[in-house]
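Note that ligands are numbered from 1 as they come in the structure, with each ligand's atoms numbered from 1 the same way. Source: prediction; values computed, not measured.
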Amino acid sequence: MAPPLHPHASACGKVILLGEHSVVYGHPALAAGLPRSIVLEATALDEPTAPSTLRVDDWDLDLALTVDNGHPVARAALEVLGFCDGPLRGWALTGRSHLPARAGLGSSAALTVALARLVLGEDAPIDEVVEASLAGERVFHGEPSGIDSQVAARGGVLRFVRGEQPEAVTFPGTLPLVVIPSGIPRSTADQVAKVRALHGRRPRLTRPILDALGVTVAEGIDRLQASDLQGFGEIMNVAHELLSALGVSSSPLDSLCSVAREHGAAGAKLTGAGGGGCVIALAPADPDPLLGTLRARGLSPFPVAVEARLP
Ligand code: MEV
């Protein structure tokens with residue numbers, strides 16, 4: 001018989017600072033966890049054979065976890081619970097999240113990591129939790145690099161290379177960002193497929209762009225460790241142009257980057273898969289005019305101070 005679920009579990013969301021897309025091709029990426037982005041609670045139903053349910057009001061989710069429920073979140077949740085040998089019936093799962101869903105901020109990885117921890121416990125070995133999360137992530141994203149699951153499980157700032165253990169990156173102070181959800185939906189699988197198709201058609205052109213995106217990570221870490229935020233911002237701008245060259249930006253995302261720079265941000269770029277989703281900007285000394293302009297456009301930007309955990 002499957003063990004009972006733990007009463008609570010949590011996981012981080014993420015922002016990819018540098019190296020999205022190129023990470024799929026074996027280059028490094030740099031990402032930061034957004035702490036406790038989802039908290040799940042599990043309560044046993046009176047009827048242990050009744051289908052489990054998953055409700056996250058902040059994400060407009062209210063699902064029965066049954067195999068014939070075509071909703072990808074229901075399928076992914078059952079994959080994760082099954083992967084961990086957890087109970088597939090008899091539980092009500094409720095979540096709270098301050099993270100926008102489906103915006104490129106790792107909400108699906110956060111959900112799948114928290115689900116794995118409901119079965120395995122908050123202190124379960126990270127590698128086991130990540131493997132279980134990936135079983136769910138494949139339902140959403142095809143063959144993800146794994147960066148989202150690693151950051152959701154570990155938090156902090158990570159340098160990630162596909163197939164290797166991630167390294168925690170430390171730097172003095174904080175990296176002040178403004179996260180700007182564009183409100184435009186995107187599909188990670190579609191954007192990854194678009195880059196793959198370009199790479200297939202034009203490998204000699206695409207390879208150097210991916211290589212250069214990989215180099216932004218080494219240079220970005222170097223600038224963070226030298227407390228050179230202006231320099232980091234410049235690298236963010238270059239990364240955005242390289243991602244545009246891969247075809248994963250869009251005029252709304254370009255325009256959000258321009259607005260951020262016009263309001264004093266030293267750097268701005270799309271984050272995550274692109275197409276829609278979010279832009280991140282290095283916060284200007286006074287972020288209020290930027291936040292005001294974006295809110296007047298009906299957007300909901302939020303400031304984040306990325307802190308690297310010192311050992
Ligand atoms: C998505 O958050 C990041 C991508 O690089 C895809 C992946 O790493 O699987 C676009």
*Short N-O contact, Arg196 and Glu143, less than 4.0 angstrom*: no
*Test side chain to side chain donor-acceptor pair (under 3.5 Å) on Asp254 and Ser249 and set out the steps.*
CA-CA 7 Å; Asp254 293 345; Ser249 191; 2.6 Å; yes
*Is there a donor-acceptor pair under 3.5 Å between the side chain of Arg75 and the backbone N or O of Val67?*
no
*Give a yes or no on whether the ring-centroid distance for Phe302 and His98 is below 6.0 angstrom.*
no
*Give a yes or no on whether Val15 and Leu256 share a hydrophobic cluster (residues Ile, Leu, Val, Met, Phe, Trp, Tyr; joining criterion: side-chain heavy atoms under 4.5 Å apart).*
no
*Which atom of Leu17 lies closest to which atom of Ala32, heavy atoms considered*: CD1-CB, 4.3 Å
Give one line per pair: atom of ligand 1, protein atom, distance. Only N/O to N/O under 3.5 Å.
{"from": "ligand 1", "atom 1": "2 (O)", "to": "Lys14", "atom 2": "NZ", "distance (Å)": "3.1"}
{"from": "ligand 1", "atom 1": "2 (O)", "to": "Asp148", "atom 2": "OD1", "distance (Å)": "3.1"}
{"from": "ligand 1", "atom 1": "2 (O)", "to": "Asp148", "atom 2": "OD2", "distance (Å)": "3.2"}
{"from": "ligand 1", "atom 1": "5 (O)", "to": "His21", "atom 2": "N", "distance (Å)": "3.0"}
{"from": "ligand 1", "atom 1": "8 (O)", "to": "Ser145", "atom 2": "OG", "distance (Å)": "2.5"}
{"from": "ligand 1", "atom 1": "9 (O)", "to": "Ser145", "atom 2": "N", "distance (Å)": "2.8"}
{"from": "ligand 1", "atom 1": "9 (O)", "to": "Ser145", "atom 2": "OG", "distance (Å)": "3.4"}

